[in-house]
Amino acid sequence: MSVAPIWLFTGPEIGERNEAIEQLKKKLSTHTILDIHSFYASDINLNEVISLLQNGSLFADARFVVLKNAEEIKKKDDIELLSAWVASNSTEASLVLVSEEIGIDKKIEALIPKENKRIFWELFENKKEQWVQDFFRKAGLAIDTDAVQLILDLVENNTD
């Protein structure tokens, strides 16, 4: 039995997670035009999200919805609504659930195929300097070790 296209991206590493969402978007849009939406679970009723997923788009072939703070989906009615959409085998819409937590409600996690779940961990301390150097190298720029340390001291602990 196939299920609706649904993914779960969790963990504290924002930059890699956002890149994975962009890659997924590109992959899904290779043969179709996507209607893209992004919401926070605390700011929208899940009924509205499911309605958006179930209804076609006037100007696009499919919908791509990112629902952030998915750990806040806890109501039994919301979980049942999401479960019904997943079981509908809809392929005209895709849903990416995002959480900075490591996991979300176990009933929701059970709806998502294992291959569509991914945890994004923070970089190990010994990998951070190399990541910053590679970032600048890819942009065609050079950076010295003191500047790398300064950047690591000033910015948050993620690749975003």
Side-chain angles (χ1 to χ4, degrees), residues 1-128 131-132 134-135 138 152 155-160:
M1 179 177 110
S2 65
V3 295
I6 184 170
W7 290 263
L8 175 62
F9 292 162
T10 60
E13 207 336 274
I14 299 168
E16 287 183 18
R17 186 178 62 226
N18 289 345
E19 181 61 31
I21 291 170
E22 286 303 313
Q23 288 175 359
L24 182 58
K25 231 186 281 187
K26 284 179 186 175
K27 178 182 171 187
L28 294 172
S29 67
T30 54
H31 300 296
T32 188
I33 298 171
L34 291 179
D35 185 13
I36 301 168
H37 301 270
S38 182
F39 303 105
Y40 286 90
S42 58
D43 294 342
I44 192 165
N45 187 315
L46 195 62
N47 286 323
E48 294 176 49
V49 175
I50 299 300
S51 177
L52 183 68
L53 291 166
Q54 290 175 334
N55 295 312
S57 174
L58 185 59
F59 300 107
D61 301 322
R63 296 203 182 211
F64 184 86
V65 177
V66 177
L67 186 59
K68 299 174 183 176
N69 294 52
E71 72 277 1
E72 294 185 17
I73 305 170
K74 296 179 180 177
K75 293 184 205 169
K76 182 181 176 187
D77 292 344
D78 288 346
I79 295 170
E80 288 174 358
L81 189 63
L82 187 58
S83 179
W85 176 75
V86 169
S88 74
N89 296 323
S90 170
T91 56
E92 292 82 36
S94 300
L95 176 63
V96 180
L97 299 173
V98 175
S99 175
E100 290 189 22
E101 304 293 324
I102 301 305
I104 61 173
D105 189 288
K106 298 299 177 201
K107 292 177 185 169
I108 297 173
E109 285 195 33
L111 300 171
I112 303 165
K114 186 177 181 177
E115 63 273 10
N116 289 3
K117 295 179 192 176
R118 190 163 163 203
I119 299 175
F120 295 87
W121 300 103
E122 291 177 348
L123 287 176
F124 288 114
E125 204 62 41
N126 61 352
K127 302 281 185 187
K128 292 178 183 178
W131 188 91
V132 172
D134 290 345
F135 178 83
K138 287 177 189 172
L152 291 173
V155 299
E156 290 184 37
N157 192 19
N158 66 64
T159 59
D160 193 35

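Values below: all heavy atoms of this structure, side chains included; hydrogens, waters and symmetry mates excluded.
Two residues are said to be in side-chain contact when any heavy atoms from C-beta on lie closer than 4.5 Å; D35 and F59 fail this criterion. Put simply, the side chain of W85 reaches to within 4.5 Å of the side chain of I6, judged on heavy atoms. Taking the side chain as every heavy atom from C-beta outward, I104 and I73 never approach each other to under 4.5 Å. Between F9 and R118 the shortest side-chain heavy-atom distance falls below 4.5 Å.
Side chain of D105 to main chain of K74: no donor-acceptor pair is present (N/O by atom type, distance under 3.5 Å, no hydrogens or angles). With hydrogens and angles disregarded, a donor-acceptor distance shorter than 3.5 Å links the side chain of R17 to the backbone of G11. Remark: side-chain polar atoms of T32 are not paired, donor with acceptor, to backbone N or O of S29 under 3.5 angstrom.
The distance from atom CG of D61 to atom CD1 of I33, rounded to the nearest 0.5 Å, is 5.0 Å. For the atom pair CG of L82 and NZ of K75, the computed distance is 14.0 Å after rounding to the nearest 0.5 Å. With rounding to the nearest 0.5 Å, the separation of CD1 in I21 from CD in E19 is 10.0 Å. To the nearest 0.5 Å, atom CZ of residue F64 and atom CG of residue L53 are 11.0 Å apart.
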Got a list of side-chain donor-acceptor pairs under 3.5 Å for residues 95-103, not counting sequence neighbours?
from	atom 1	to	atom 2	distance (Å)
S99	OG	E71	OE1	2.6
S99	OG	E101	N	3.0

Do any side-chain atoms of residues 42-51 form donor-acceptor pairs under 3.5 angstrom with protein atoms, and if so which ones, sequence neighbours left out?
from	atom 1	to	atom 2	distance (Å)
N45	OD1	N47	N	2.8
N45	OD1	N47	ND2	3.3
S51	OG	N55	ND2	3.1

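Taking every heavy atom of both residues into account, Y40 and L67 meet most closely at C-CD1, 4.0 Å. Across all non-hydrogen atoms, the minimal contact from E109 to K117 is O-NZ, 2.8 Å. Shown here for F120 and E16, the closest heavy-atom pair between the two residues is CE2-O, 3.6 Å.
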